[in-house]
Amino acid sequence: MEDIERQLYDKFDNLISKYGPLIERLCIRFASGDEYLCAELRQVCYICIWHYLPNLRAGSNNFQERAFVVWHCRSVFSHRRYSRLEIPFQPLDKTMEAIASECHDNDARIVIDELAMRLNPHERRAFLLMAEGYGAKEIAIELGIKHRSAVILKHRIMVKLRRYVNEKNNEGKYV
């Protein structure tokens with residue numbers, strides 16, 4: 001058993017020493033130069049390669065090894081890209097942020113209720129959950145919808161409310 005584990009470790013070390021610069025270049029390109037994101041991606045790529053290493057055929061040539069490494073790095077990037085689609089709850093815009101920071105809890109609740117009135121009942125329920133700090137996964141569970149649908153719903157709500165607040169700003173109501 002130890003001999004098989006040792007071979008696996010040696011195979012991993014060999015892959016990383018041979019294709020480490022390639023992994024680094026791929027991560028830098030995806031991270032657009034962000035060194036912290038690049039370091040995080042590199043670690044996740046290493047973990048992914050380690051996880052799927054038993055699937056790499058024994059006696060693979062350099063082309064097959066390189067394809068294996070690139071494939072799993074691109075898989076990490078793809079998962080990262082889709083996981084970023086979840087939109088965190090943020091202030092609607094700078095003006096709304098200023099209003100919320102100046103308001104007391106009652107005043108903030110009035111603003112939230114006013115914004116919620118601009119939405120249909122399904123969106124309103126999701127928006128109120130967002131206001132309480134629920135994430136997309138939690139909203140999906142509460143509303144009985146798929147996670148992806150909750151992400152899209154959150155985005156649609158944010159776009160709709162930003163548009164409304166910007167119209168009110170142009171009228172001078174929130175300035």
Report whether Ile28 and Leu26 are members of the same hydrophobic cluster (ILVMFWY, side-chain heavy atoms less than 4.5 Å apart, transitive linking). no
Between Ser149 and Ile145, is there a donor-acceptor pair closer than 3.5 Å when you use the side chain of the first and the backbone of the second? no
Are Leu143 and Leu153 side-chain neighbours, meaning at least one heavy-atom pair lies under 4.5 Å? yes
Taking all non-hydrogen atoms of both residues, which atom of Ala150 and which atom of Ala136 are closest, and how far apart? CB-O, 3.4 Å
Distance from Leu15 atom CG to Lys11 atom NZ, nearest 0.5 Å? 7.5 Å
Looking at CG of Leu41 and CD of Gln43, how far apart are the two atoms once the value is rounded to the nearest 0.5 Å? 10.5 Å
Can you get from Phe68 to Leu8 by hopping between Ile, Leu, Val, Met, Phe, Trp and Tyr side chains that sit under 4.5 Å apart? yes
Rounded to the nearest 0.5 Å, what separates atom NE2 in His79 from atom OG in Ser75? 3.5 Å
Consider only side-chain heavy atoms of I, L, V, M, F, W and Y, link residues closer than 4.5 Å, and tell whether Val44 and Tyr19 are in one cluster. yes
Distance-only donor-acceptor hits, side chain of residues 47-63, under 3.5 Å, sequence neighbours excluded:
from  : atom 1 : to    : atom 2 : distance (Å)
Ser60 : OG     : Arg57 : O      : 2.6
Asn61 : OD1    : Phe63 : N      : 3.1
Asn61 : OD1    : Gln64 : N      : 2.8
Asn62 : OD1    : Lys18 : NZ     : 3.1

Cluster overlap Val70 with Tyr46, hydrophobic side-chain contacts below 4.5 Å: yes
Gap between atom CD of Glu5 and atom CD of Gln7 - 0.5 Å precision: 11.0 Å
Side-chain heavy atoms under 4.5 angstrom apart, residues restricted to Ile, Leu, Val, Met, Phe, Trp, Tyr: same cluster for Ile112 and Ile139? yes
Kindly say whether Tyr164 contributes a backbone atom to a donor-acceptor pair with the side chain of Glu167 at under 3.5 angstrom? no
Only pairs under 3.5 Å count here: list side-chain donor-acceptor contacts from residues 120-131, not counting sequence neighbours, and write none if there are none.
from   : atom 1 : to     : atom 2 : distance (Å)
Asn120 : OD1    : His122 : N      : 3.1
Asn120 : OD1    : Glu123 : N      : 2.8
Asn120 : ND2    : Glu123 : OE1    : 3.3
Glu123 : OE1    : Asn120 : N      : 3.3
Glu123 : OE1    : Lys160 : NZ     : 2.8
Glu123 : OE2    : Arg156 : NE     : 3.3
Glu123 : OE2    : Lys160 : NZ     : 3.3
Arg124 : NE     : Ala116 : O      : 3.0
Arg124 : NH2    : Leu119 : O      : 2.8
Arg125 : NH2    : Glu142 : O      : 3.4

For Glu138 and Tyr134, work out which heavy atoms get closest and say how close. OE1-CA, 3.2 Å
Kindly compute the distance separating SG (Cys73) from CZ (Arg42), expressed to the nearest 0.5 Å. 11.0 Å
Between the main-chain N or O of Asp10 and the side-chain N or O of Asn14, is there a donor-acceptor pair closer than 3.5 Å? no
Under the rule for salt bridge (charged side-chain N to carboxylate O under 4.0 Å, His left out), what residues qualify as partners of Glu40, not counting sequence neighbours? Arg80
Do Asp13 and Ser17 have side chains that get closer than 4.5 Å, going by heavy atoms? no
Considering all heavy atoms, the nearest Cys45-Phe77 contact: SG-CE2, 4.0 Å
